[in-house]
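In what follows, a structure is listed as structure tokens, so that the remarks can point back to it.
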Amino acid sequence: MKIETYGKDNFSIFINNHYIKDDIYDDKDNLIKYIKNYLLNMRRKLNLRGFYKVRVYYKKIIGVFMDINKLDDLDLVSNLDLRIIIADDDIYFETDDYFFIEKFNDKRFMNNKFYCIVDDNFGDITYFSELGRFIYGKEVINLLNNSKILW
């Protein structure tokens, strides 16, 4: 698990696929239940209070990414309410080394970095995690709009 904070009330969490049962990905309702239970169990450690929007990006081969943004404080200090949105958006891998991604699909180049889409051909995350980083959400939209496609 990796947690990055972006100010007081905004943060992201990554949960590696090795910690998640495969059947969680089969149904969006199962994934929502898993995310809800996970955040309820972590609420004290993460100091979660109020109303949060949780945007979830996932790929079975790598795991779950969550962008968590506080929308509002609730009247009671101890209340937690979650709005969980499951995104079917693509996830890309960013690296400095083209030769690392040359065998993968949908290769792109932008700002002296190379990118490839994370799909079933990507393989196990343990081989890749130190060679770059995964991007999703707004970063992917920026990549798709501003990058050059490589063959």
Looking only at the side chains, is there a donor atom on one of Tyr92 and Asp106 sitting less than 3.5 Å from an acceptor on the other? yes

Atom pair CD1/CD1 of Ile68 and Ile3 - distance to nearest 0.5 Å: 8.0 Å

pair Tyr115-Ile135: side-chain heavy atoms closer than 4.5 Å: yes

Note, Ser12 side chain near Tyr6 side chain (heavy atom, < 4.5 Å): yes

Side-chain heavy atoms of Leu39 within contact of Val54, under 4.5 Å: yes

Short N-O contact, Arg55 and Asp89, less than 4.0 angstrom: yes

Any non-hydrogen side-chain atom of Ile13 less than 4.5 Å from a side-chain atom of Tyr38? yes

Taking Asp81 first and then Arg83, would you say they form a salt bridge - that is, a charged N and a carboxylate O separated by under 4.0 Å? no

Are the charged groups of Glu94 and Arg108 less than 4.0 angstrom apart, N to O? no

Is there a path of hydrophobic side-chain contacts, each under 4.5 Å between heavy atoms of I, L, V, M, F, W or Y residues, that connects Val64 with Ile24? yes

Does one side chain, of Arg49 or Asn47, offer a donor that lies under 3.5 Å from an acceptor on the other? yes

Could you grab the distance from atom CG of Asp22 to atom CD1 of Ile61, nearest 0.5 Å is fine? 12.0 Å

Answer with yes or no whether the hydrophobic clustering places Leu150 together with Phe104; edges join I, L, V, M, F, W, Y residues whose side-chain heavy atoms lie under 4.5 Å apart. yes

For Ile84 against Ile32, the heavy-atom pair lying closest together: CD1-O, 3.9 Å

If the plane angle is over 60° it's perpendicular, under 30° parallel, otherwise tilted; pick one for Tyr25 and Tyr58. parallel

If you count every heavy atom of other residues, nucleotides or ligands that lies below 6.0 Å from Asn111 atom CG, does the total exceed 12? no

Apply side chain to side chain contact (heavy atoms under 4.5 Å, CB included) to the pair Asp26 and Leu31, showing each step before the final yes or no. CA-CA 8 Å; Asp26 294 340; Leu31 185 57; over 6 Å; no

Minimum heavy-atom distance between Ile101 and Cys116, given as atom pair plus value: CG2-SG, 3.8 Å

If I take atom CG from residue Asn105 and atom CG from residue Asp119, how far apart are they, to the nearest 0.5 angstrom? 4.5 Å

Let me check something: do Ile85 and Tyr52 share a hydrophobic cluster, defined by ILVMFWY side-chain heavy atoms less than 4.5 Å apart, either directly or through other members? no

Please test Leu40 against Leu80 for side chain to side chain contact (heavy atoms under 4.5 Å, CB included), starting from the C-alpha separation and ending with a verdict. CA-CA 8 Å; Leu40 288 173; Leu80 174 63; 3.7 Å; yes

Separation of Lys138 NZ from Asn142 CG (nearest 0.5 Å): 11.5 Å

Asn17 vs Tyr19 side-chain heavy atoms within contact, under 4.5 Å: no

Should the ring pair Tyr136 and Tyr57 be called parallel, tilted or perpendicular, given that the plane angle runs from 0 to 90° and is split at 30 and 60? tilted

Heavy-atom closest pair (Gly50 atom, Lys70 atom, distance to 0.1 Å) is CA-CE, 4.2 Å

So, taking the atom named CE in Met110 and the one named CG in Leu144, what distance separates them when rounded to the nearest 0.5 Å? 9.0 Å

Any carboxylate oxygen within less than 4.0 angstrom of a Lys/Arg side-chain nitrogen, looking at Asp88 and Lys59? no

Are Met66 and Ile141 in one and the same hydrophobic cluster, where Ile, Leu, Val, Met, Phe, Trp and Tyr link if side-chain heavy atoms are under 4.5 Å apart? no

Could you state whether Ile91 and Leu143 fall into the same hydrophobic cluster, counting links through intermediate Ile, Leu, Val, Met, Phe, Trp or Tyr residues with side-chain heavy atoms under 4.5 angstrom apart? no

Can you check side chain to side chain contact (heavy atoms under 4.5 Å, CB included) on Thr95 and Lys113, steps first, answer last? CA-CA 6 Å; Thr95 185; Lys113 301 278 186 184; over 6 Å; no

Verdict with reasoning, Ile149 to Lys107, per side chain to side chain contact (heavy atoms under 4.5 Å, CB included): CA-CA 6 Å; Ile149 299 172; Lys107 297 178 289 288; over 6 Å; no

Quick one: pull up CG in Asn30 and NZ in Lys28 and give me the separation to the nearest 0.5 Å. 13.0 Å

Would you say the side chain of Phe114 lies within less than 4.5 Å of the side chain of Glu102, judging by non-hydrogen atoms? no

Is the backbone of Lys33 close enough, under 3.5 Å, to the side chain of Asn37 for a donor and an acceptor to pair up by distance? yes

Taking side chain as C-beta onward, heavy atoms only, is Phe100 less than 4.5 Å from Phe93? yes

Are side-chain heavy atoms of Asn16 and Ile62 found at a separation under 4.5 Å? no

